[in-house]
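Here the structure is laid out as structure tokens; the discussion comes afterwards.
Values reported hereafter were calculated over all heavy atoms of this structure, with side chains retained and with hydrogens, waters and symmetry mates removed. Just so we're on the same page: letters track the sequence lines, and every chain starts at 1.
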Number of protein chains: 2
Amino acid sequence: MSDKPTTIKEIAKLLNISVSTVSRALNDHSSIGLITKMRVKKLAAELNYEPNQRAIQFLQGKSHTIGVILPELSESFFSAAISGIEDIAYKRNYTVLLAQSHDDQDREKLLVEKMKTQRVDGLLISVSKTTSTYEHFEALKKLNIPIVFFDRIPPIKNIHFVASNLETGTYEAVNFLLKKGHRTIGMINGPSTLVASAERKNGYIKAMTSQRLKFDPSLIVGCDLSDQGTKEAMDTLLHHKRKPTAIVTFNDYVALFAIRHARSLQIKINEDLDFVSYANLPIINYMDYTPIASVEQFPYKQGKKAANILLDLINKPRNDSGTEQAYFNIVVESELVINQSK
Amino acid sequence: MSDKPTTIKEIAKLLNISVSTVSRALNDHSSIGLITKMRVKKLAAELNYEPNQRAIQFLQGKSHTIGVILPELSESFFSAAISGIEDIAYKRNYTVLLAQSHDDQDREKLLVEKMKTQRVDGLLISVSKTTSTYEHFEALKKLNIPIVFFDRIPPIKNIHFVASNLETGTYEAVNFLLKKGHRTIGMINGPSTLVASAERKNGYIKAMTSQRLKFDPSLIVGCDLSDQGTKEAMDTLLHHKRKPTAIVTFNDYVALFAIRHARSLQIKINEDLDFVSYANLPIINYMDYTPIASVEQFPYKQGKKAANILLDLINKPRNDSGTEQAYFNIVVESELVINQSK
DNA sequence: TAATTATACACAACCGTTTGCGCATCTATC
DNA sequence: GATAGATGCGCAAACGGTTGTGTATAATTA
């Protein structure tokens, strides 16, 4: 029946007062008399009046909206992250515009563009794997739309970001294995192009050398993270002249496949061979043969932190003068979690 | 340096022409001369002009935005669904406003309210578990903002919805087990308050009776879906006078825990006891002891379908006359997927 | 050549709300 | 009783586009 939402004009007309009076009455402005305020509020309530946010956003040049671009929403890391982002946005009365790049650079560029024309107040982004140029972010910077990069950080200077430091977690993980008595520890690492691979490697090296053990580079094998690649990496390690008694895998998918492969070779998991991985999968606890420990990256927490930083940037007094801008480079320490169930 | 985005006014002033001419030139209106068009477009490109979508949305009373309210983004079913929703929205040039209710009725109400004040063109929602009243949806209806309910459907009349029919999938699942030779089939079902539990039960009964087998209600045990509840349900079934040789579990979490419990009792999975479950978890394929088959609900596909229906509703010519409104009640058939890896 | 018709642009209203400013009316002060 | 200050409200501009209508100039036709 009723079609268009009630406007302030209609209220004004019905009460024979001006729109400005209605507006001020609703906002409890001091210059409006008590009786008028009451009359306006009463009618507004009856008509289910609600201010048109689009109009206000337009008028004020603020959208109270943040854009979020993630590679893949169905990846549990990112869905946990967006959950944290949305929680903070909700709490701080912001709205979330969501989009996924599907790890496609071109789509990512289009999405950044779209976010810009949508006039988001800020952007939170985890860049796609294929992204190799970064000019599309410059445009936002020029418009003073803050960007907070998240988890997947582009290799450029002067940016805000939140990411986990896998080095410390890896260090803990390897140390944990060393304390358990392992001396030959293998690692199935990711592609060397990823920052995350380097961090894992560094953590490994630090742990070994801190125990005055010699670092053997051949115990770290690269992997394209596919099932086939994992299998090949495992075979390389298992045929190594110093056969490892424990293996650190790049992520849970790799771990699970590696474990399965090892079991098919009659290797006894958690007896002959221990695994440590990085937590991507929530249900690892339900499984039978699992890594004995995981490096947890706290995606939900990271999402919350990134969102908070972005909103702080949006609401901080503008950096009008030529004073130097500070960049938030937040590192969420990863942490080793010993698998309880085993 | 540059602060505010370029506006059409600035272009007009620089070229000494009117804003309307600039607008029409940019939109290739026929009444604008070729030379003028070129000049305008050239300058617009130089100034990186982009139309302010917020202004256009405001002017046209359309936001080209759909709201999506889901209970929990970190649940894989919903993250897969939002992925499908976003893909369709992107393809059809709509924008997604995302929020999660955390299965809290009050928060859900607030979010619906917020979506309304944000003037979304339509709403896609999977209602929270605790939602028991439904007036907050009525307000949207009055404003002609279409709602498509999704997966979790409220028990009210005259609504659009997309949901999966678990009855057919369950029927297939039980039938599959019967064909494999099983005669005593147990079921760990969910709380009887859920529609989904009834659907599973009905599918079970239909499959049994269609094979002229007697339906034994005591072989279906309810479960609160907790680990402890699962364990108790399993014990009930395993101590049943007719010990089942196969069990259908409410979801993968229940299945995995049930399997672990059975194994701890020295029961040989897939020899002494077969399991069939409902697919919630993407990585079930990586596991060692898994259900031999799963009822797949295609959340990604459901998300796409729901989004498409919503956008069709938004863009269909208004139902001005008193003609009856048709309601989309789309049922996405669930489907039995035989576990390949076993 | 005058009348007609395109052509190419400008003017102005509009969307819903906020907000600075101006202007009455009333009360208090001297 | 005149003046000052407070009180309560209206007017109008502004945000950035779109679009219907008006109008001057140029091209076409009779």
Seminar exercise, completed: Taken to the nearest whole Å, CD1/B:I32 to C1'/D:dT18 is 13 Å
For this session: Run the salt-bridge test on A:K129 and A:D104 with the 4.0 Å N-O cut-off and return the result as yes or no.
Result: no
For this session: Residues of residues 52-67 of chain A with any non-hydrogen atom less than 4.0 angstrom from an atom of DNA chain C: list those, numerically ordered, please.
Result: A:N52, A:A55, A:I56, A:L59
Exercise. Do we see a donor-acceptor contact under 3.5 Å between the side chains of B:Q57 and A:Q57?
Worked result: no
For this session: Take B:D121 and B:I145 through the test side chain to side chain contact (heavy atoms under 4.5 Å, CB included) and record every step on the way to the result.
Result: CA-CA 6 Å; B:D121 289 343; B:I145 299 175; over 6 Å; no
For this session: Could you state the atom-to-atom distance from NZ of B:K4 to P of D:dG17 in whole Å?
Result: 13 Å
Exercise. Just how far, in rounded Å, is C1' of C:dA10 from NZ of B:K9?
Worked result: 16 Å
Problem set entry | Length of the NE2-C1' vector between A:H29 and D:dG10, whole Å | 14 Å
Problem set entry | A:T7, nearest nucleotide to its side chain (from D:dG16, C:dG16, D:dG8) | C:dG16
Problem set entry | B:D87 and A:R107 ion-paired at < 4.0 Å | yes
Exercise. Through what angle, rounded to 10 degrees, does the axis of the helix from C:dT1-D:dA30 to C:dC30-D:dG1 turn between its ends, using five pairs per end?
Worked result: 60°
Seminar exercise, completed: Whole-Å distance, A:L26 CG to C:dT18 C1', equals 12 Å
Exercise. If you check every side-chain atom of A:I8, which of D:dC15, C:dC9, C:dT18 has the closest atom?
Worked result: C:dT18
Problem set entry | Between B:T131 and B:S128: side-chain donor-acceptor atoms closer than 3.5 Å | yes
Problem set entry | Listed once per pair and sorted, the ring pair (Phe, Tyr, Trp, His ring centres under 6.0 Å) pairs that draw on residues 77-130 of chain A, sequence neighbours left out | A:H64-A:Y94
Exercise. Given atom CD of A:E10 and atom C1' of C:dT17, what is their separation to the nearest angstrom?
Worked result: 14 Å
Seminar exercise, completed: Separation of C:dG16 atom C1' from B:R119 atom CZ, nearest Å, is 9 Å
Under 3.5 Å, side-chain donor or acceptor atoms of residues 148-161 of chain A against the rest of the protein: list the pairs with distances, not counting sequence neighbours.
from	atom 1	to	atom 2	distance (Å)
A:R152	NH1	A:D103	OD1	3.0
A:R152	NH1	A:V127	O	3.1
A:H160	ND1	A:F328	N	3.1

Pairs of donor and acceptor atoms involving the side chains of residues 37-44 of chain B, under 3.5 Å and at least two apart or interchain, shall be tabulated with distances.
from	atom 1	to	atom 2	distance (Å)
B:K37	NZ	B:H29	O	3.1
B:K41	NZ	B:D28	OD1	2.9
B:K41	NZ	B:D28	OD2	3.2
B:K42	NZ	B:E46	OE2	3.3

For this session: Using heavy atoms and a sub-4.0 Å distance, could you list which residues of residues 12-24 of chain A are near DNA chain D? By number, please.
Result: A:N16, A:I17, A:S18, A:S20, A:T21, A:R24
For this session: Locate the shortest heavy-atom distance separating B:R119 from B:S63; write the atom from each residue and the value.
Result: O-OG, 2.8 Å
Exercise. In whole angstroms, how far is the P atom of C:dA8 from the CE atom of B:M38?
Worked result: 14 Å
For this session: Start with the C-alpha gap between B:L97 and B:V120, add the side-chain angles, then the distance that decides, and say whether side chain to side chain contact (heavy atoms under 4.5 Å, CB included) holds.
Result: CA-CA 8 Å; B:L97 222 51; B:V120 295; 3.9 Å; yes
Exercise. Do A:E113 and A:K116 meet the salt-bridge criterion of a basic N to acidic O distance under 4.0 Å?
Worked result: yes
